[in-house]
Amino acid sequence: MSESSSVPTEREQLLKRLATLAYRRGNFTLASGRKSEHYVNCKPVSLSGSGLALISRAMLTHVEADAVAVAGLTLGADPLVSGVAMAAADRGRELDALIVRKEAKGHGTGAWLEGPLPAPGALITMLEDVVTTGGSSLKAIRQLRDAGYKVDRVVTIMDREEGGDAAMTAENLELISLYKLSEIAAFTPA
């Protein structure tokens with residue numbers, strides 16, 4: 001908690017939720033096939049109304065001022081892009097939400113992107129729940145860039161500190177993390 005008050009800040013509230021509801025220590029196999037003693041699944045927090053509100057307000061503060069949309073790879077970023085777009089609307093800011101499919105739609109237009117598509121050249125901020133190596137984010141960013149959009153920044157709830165930041169830097173992307181894995185793993189309730 002902040003030293004000046006006994007009421008936890010929103011950042012402290014979100015850290016506590018992530019540490020208690022999203023984080024587990026043990027022996028896990030990650031989506032990449034790698035082994036880890038840390039597992040983080042943000043969905044118990046991002047799919048709760050109050051948890052999504054905290055995440056959305058925190059992420060919105062890191063969306064570029066000129067961005068016209070936020071985008072993310074389905075499924076983990078689906079609530080994030082919607083929540084951040086709604087938090088922006090609550091503040092009188094126009095900001096659309098785009099979902100990047102993991103593969104092109106198998107029917108109709110064969111689209112990779114869902115949502116109100118901005119004009120080519122528009123700036124989009126990428127949102128992610130967890131960044132490990134950055135591979136998933138980079139795949140989605142390639143789809144956005146191939147569609148003619150500019151992407152300079154990725155905002156994630158948590159950076160696992162396993163190379164994602166370096167991968168983003170190599171692609172001229174800025175990675176902003178609300179939390180690092182080390183911070184969530186070290187959390188002890190007051």
Side-chain angles (χ1 to χ4, degrees), residues 29-34 36 40-43 45-47 52 55-89 91 93-181:
T29 301
L30 304 177
S32 65
R34 293 166 56 185
S36 177
V40 180
N41 174 8
C42 292
K43 290 171 197 69
V45 181
S46 67
L47 292 172
L52 181 58
I55 292 167
S56 299
R57 288 190 295 269
M59 288 187 130
L60 179 60
T61 66
H62 299 291
V63 172
E64 292 109 323
D66 328 357
V68 298
V70 289
L73 187 64
T74 198
L75 174 79
D78 291 359
L80 307 179
V81 298
S82 297
V84 170
M86 184 173 283
R91 287 164 178 72
R93 178 178 176 186
E94 286 294 320
L95 191 68
D96 289 326
L98 300 173
I99 294 171
V100 182
R101 293 174 170 273
K102 291 186 179 176
E103 55 187 54
K105 192 173 182 177
H107 59 282
T109 63
W112 280 90
L113 304 176
E114 296 293 341
L117 300 178
L123 180 64
I124 296 174
T125 302
M126 180 75 183
L127 304 182
E128 184 70 87
D129 56 352
V130 176
V131 169
T132 303
T133 63
S136 296
S137 297
L138 292 174
K139 178 182 177 181
I141 289 165
R142 277 192 278 287
Q143 290 303 324
L144 292 164
R145 287 178 170 170
D146 287 350
Y149 302 116
K150 184 177 179 188
V151 182
D152 295 330
R153 181 179 291 173
V154 177
V155 180
T156 186
I157 298 171
M158 192 201 70
D159 177 3
R160 285 184 57 93
E161 302 173 278
E162 293 184 29
D165 194 30
M168 299 297 168
T169 300
E171 293 293 326
N172 296 315
L173 292 159
E174 176 185 21
L175 176 64
I176 296 177
S177 308
L178 299 182
Y179 304 93
K180 304 278 188 193
L181 174 61

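Worth knowing before you read on, the calculation uses all heavy atoms, side chains too, and leaves out hydrogens, waters and symmetry mates.
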Next item on the list: Identify the two heavy atoms, one from T156 and one from D159, that lie closest to each other, and give their separation to 0.1 Å.
Entry: CG2-N, 4.1 Å
Check: Between L95 and L60, is any pair of side-chain heavy atoms under 4.5 Å apart?
Finding: yes
Notebook entry, point to check: Where is the tightest heavy-atom contact between R91 and R57, given as atom of each residue plus distance?
Noted result: NH2-CD, 3.2 Å
Check: Can you name the nearest heavy-atom pair linking L30 to S36, along with the distance?
Finding: CD1-CB, 3.9 Å
Margin query: Test: salt bridge (charged side-chain N to carboxylate O under 4.0 Å, His left out). Region: residues 160-170. Which pairs qualify, not counting sequence neighbours?
Written below: R34-E162, R160-E162
In a table with atom names and distances, give each donor-acceptor pair under 3.5 Å that connects a side chain of residues 126-137 to protein atoms at least two apart or in another chain.
residue: E128; atom: OE1; partner: S137; partner atom: OG; Å: 2.7
residue: T133; atom: OG1; partner: G135; partner atom: N; Å: 3.4

Checklist line | Residues that E174 engages under side-chain hydrogen bond (donor to acceptor under 3.5 Å, both in side chains), provided they are two or more places apart | finding: R153
Next item on the list: Measure across E103 and W112 and return the closest heavy-atom pair with its distance rounded to 0.1 Å.
Entry: CA-CZ3, 3.4 Å
Item checked: With K102 via salt bridge (Lys or Arg N to Asp or Glu O under 4.0 Å) - residues at least two apart -> none
Checklist line | Partners meeting side chain to side chain contact (heavy atoms under 4.5 Å, CB included) with A167 (sequence neighbours left out) | finding: L138
Indicate every side-chain donor-acceptor pair of residues 145-152 with a distance under 3.5 Å to a residue at least two apart or in another chain.
residue: R145; atom: NH2; partner: V151; partner atom: O; Å: 2.6
residue: Y149; atom: OH; partner: P118; partner atom: O; Å: 2.8

Notebook entry, point to check: Should V154 and I176 count as side-chain neighbours, where that means a heavy-atom distance under 4.5 Å?
Noted result: no
Check: What are the two closest non-hydrogen atoms of M59 and V155, and how far apart are they?
Finding: CE-O, 3.3 Å
Note to self: Could you report the tightest heavy-atom contact between P116 and D96, atom names first, then the distance?
What the structure shows: CG-CG, 3.6 Å
Check: Between atom CG of L178 and atom CE of M158, what is the distance when rounded to the nearest 0.5 Å?
Finding: 11.0 Å
Checklist line | Check: M86 and L52 side chains under 4.5 Å, non-hydrogen atoms | finding: no
Notebook entry, point to check: side-chain hydrogen bond (donor to acceptor under 3.5 Å, both in side chains) with S46: which residues, sequence neighbours excluded?
Noted result: none
Could you give the side-chain donor-acceptor pairs of residues 65-83 under 3.5 Å, partners two or more places apart or in another chain?
residue: T74; atom: OG1; partner: D78; partner atom: OD1; Å: 3.1
residue: T74; atom: OG1; partner: D78; partner atom: OD2; Å: 2.8
residue: S82; atom: OG; partner: D78; partner atom: O; Å: 3.4

